[in-house]
There are 2 protein chains.
Amino acid sequence: MAEPRYQRRKKDRPQEITEAAFAAFAEKGFAATKVEDVARRAGVSKGLLYLYFKTKEELFKAVIRGVVTPRVDELTRTLDSSALSAEAFIRGPLLTFMKRLPGSPASVVIRLMISEAPKHPDLVEYYWDNVASRGLAALRQLLERGVANGEFRESAVNELPQLFVAPVMMSIVWGIVFADRSLDTDRLIETHVDMILAYIRA
Amino acid sequence: MAEPRYQRRKKDRPQEITEAAFAAFAEKGFAATKVEDVARRAGVSKGLLYLYFKTKEELFKAVIRGVVTPRVDELTRTLDSSALSAEAFIRGPLLTFMKRLPGSPASVVIRLMISEAPKHPDLVEYYWDNVASRGLAALRQLLERGVANGEFRESAVNELPQLFVAPVMMSIVWGIVFADRSLDTDRLIETHVDMILAYIRA
DNA sequence: TCTCTTACTGACTTGCTGGTCAGCAAGTAT
DNA sequence: ATACTTGCTGACCAGCAAGTCAGTAAGAGA
């Protein structure tokens, strides 16, 4: 008889807990999620969770980092492998990447950042260093290359790559607030990219 | 002697409490704000607050409504008094209005909506009915007028007035998350409007 | 001036949740 | 088998904040 009541799996626990926490945070947000719910979801006792994560906050940070890091890697990989012209790159891989964001874990992260940013300055810093500033720098670089190529003219967009991201942000926020009322985010983003390209083309 | 320890001011209390609550929520967010802090800010006891508002949630709703309503009025007033051409109206009063939003109480409301929307569906409905759907309808109407005028061509923007608002959203979210790292939101919005107009001009 | 209504107070209760820890049992070494 | 290490459990605690209510006093009315 005697199913063992639990297994010892030191290696896998952190990730399992982290994933459970992400799911819980996605549903309820950070503040409204109880540590015990996370533990239950991960099939683990609350005590064990606290063995791997000192506080609820630290768990939160681990979750954000866990989701963000692979996505950043994906972005940088996408950006590196670009033998394309600037415009072709924008219309191709970049557009695809942007369209995927509103339905991806990234949007959960954004929501969590918006809700919790004021209370977690170090998390904001991490996010800035690893995601925002890098992404914006990459966009800027891409535009510069287009200008150097003679594809694009100099324009305010060069200093404001946030313009590029605006419709993605819009789509994400829309999804958070008006989850049900549908919005054609793909079309929104496509049109916006069209507009930008028309605007900056040499 | 005998300063009276308090005054009875049934008329003014609700608004005073509401204003105090808005200030508190703006600083800390809804979840992190203690009812007693709101009461203290309003110069009132917690008990009295609960005499005017049944629960913390109801207070929250009252606050949102109190901030949102006058702003909607302002918007509709702006939109009505328009003897201008569509483009002139966009470059003039509409642009001014949009530029004001990121620094206004509206941005606090947005933040609260993003954080609390999942837990307050009725509030989302209220916001949709009174703000979002109206604003978007007005924009759509404005674009239609431009098309009828012969100023603008038909374009995807007609069905996606969210495109218009995207950089405002971006600016607001930026302000929430990266409060310190400055962003020239005016320029962002201006450039974006430029872009849109160039794109839709007949 | 006295009474009566009610706006207002603040100490209290209650329920909840982050965090702890003594002990238990799964796996490992001998 | 037996002893030992340590991943893991779950009952427990402490503190905090929402919400209550018996009592107080402002101020209106007679």
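Keep in mind the model is a prediction, meaning the values are calculated, not measured. What's counted below: heavy atoms across the whole structure, side chains too, no hydrogens, waters or symmetry copies. First the proteins, then the strands, lettered A, B, ... as listed; each starts at 1.
- Remark: B:Glu16 pairs with B:Arg9, B:Arg13 by the salt bridge (Lys or Arg N to Asp or Glu O under 4.0 Å) rule, at least two apart or across chains.
- Contact of the A:Lys119 side chain with the A:Glu57 side chain is not registered, since no non-hydrogen atoms from C-beta on lie closer than 4.5 Å.
- Checked for salt-bridge contact, B:Glu151 and B:Arg145 miss the test: no charged N lies under 4.0 Å from a carboxylate O.
- One can place CD1 of B:Ile17 at 11 Å from C1' of C:dA7, the figure rounded to the nearest angstrom.
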For this session: Test side chain to side chain contact (heavy atoms under 4.5 Å, CB included) on B:Glu19 and B:Arg41 and set out the steps.
Result: CA-CA 9 Å; B:Glu19 277 163 16; B:Arg41 240 183 226 259; over 6 Å; no
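- Among residues at least two apart or in separate chains, ring-ring contact (aromatic ring centres under 6.0 Å, His included) pairs with a member in residues 53-75 of chain A are A:Phe25-A:Phe60, A:Phe30-A:Phe60, A:Phe60-A:His120.
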Output one line per pair: protein atom, nucleotide atom from nucleotides 17-19 of chain C, and distance, for all N/O pairs under 3.5 Å.
| from | atom 1 | to | atom 2 | distance (Å) |
| --- | --- | --- | --- | --- |
| C:dG18 | OP1 | A:Lys56 | NZ | 3.3 |
| C:dG18 | OP2 | A:Val35 | N | 2.8 |
| C:dG18 | N7 | A:Lys46 | NZ | 3.2 |
| C:dG19 | OP2 | A:Tyr50 | OH | 2.9 |
| C:dG19 | OP2 | A:Lys56 | N | 2.8 |
| C:dG19 | N7 | A:Lys46 | NZ | 2.9 |
| C:dG19 | O6 | A:Lys46 | NZ | 2.5 |

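- Side-chain contact between A:Leu197 and A:Phe152 is present, with heavy atoms from C-beta onward closer than 4.5 Å.
- Mapping heavy-atom proximity under 4.0 Å, the span of DNA chain D touched by chain A runs 5' to 3' from D:dT6 to D:dG10.
- Near DNA chain D, meaning a heavy atom under 4.0 Å away, the residues from residues 5-14 of chain B are B:Arg5, B:Tyr6, B:Gln7, B:Arg8.
- Contact check for A:Glu190 versus A:Asp194: no side-chain heavy atoms found under the 4.5 Å cut-off.
- With respect to A:Ser171, the side chain to side chain contact (heavy atoms under 4.5 Å, CB included) criterion is satisfied by exactly one of A:Ile176, A:Thr185, A:Asp184, A:Leu101: A:Thr185.
- Contact detail for B:Leu160 and A:Arg187: the closest heavy-atom pair is CD1-CG, 3.8 Å.
- Partners of A:Phe22 under the ring pair (Phe, Tyr, Trp, His ring centres under 6.0 Å) rule, at least two apart in sequence or in another chain, do not exist in this structure.
- Contacts of B:Phe53 with the nucleic acid, taken as non-hydrogen atoms under 4.0 Å apart, are absent.
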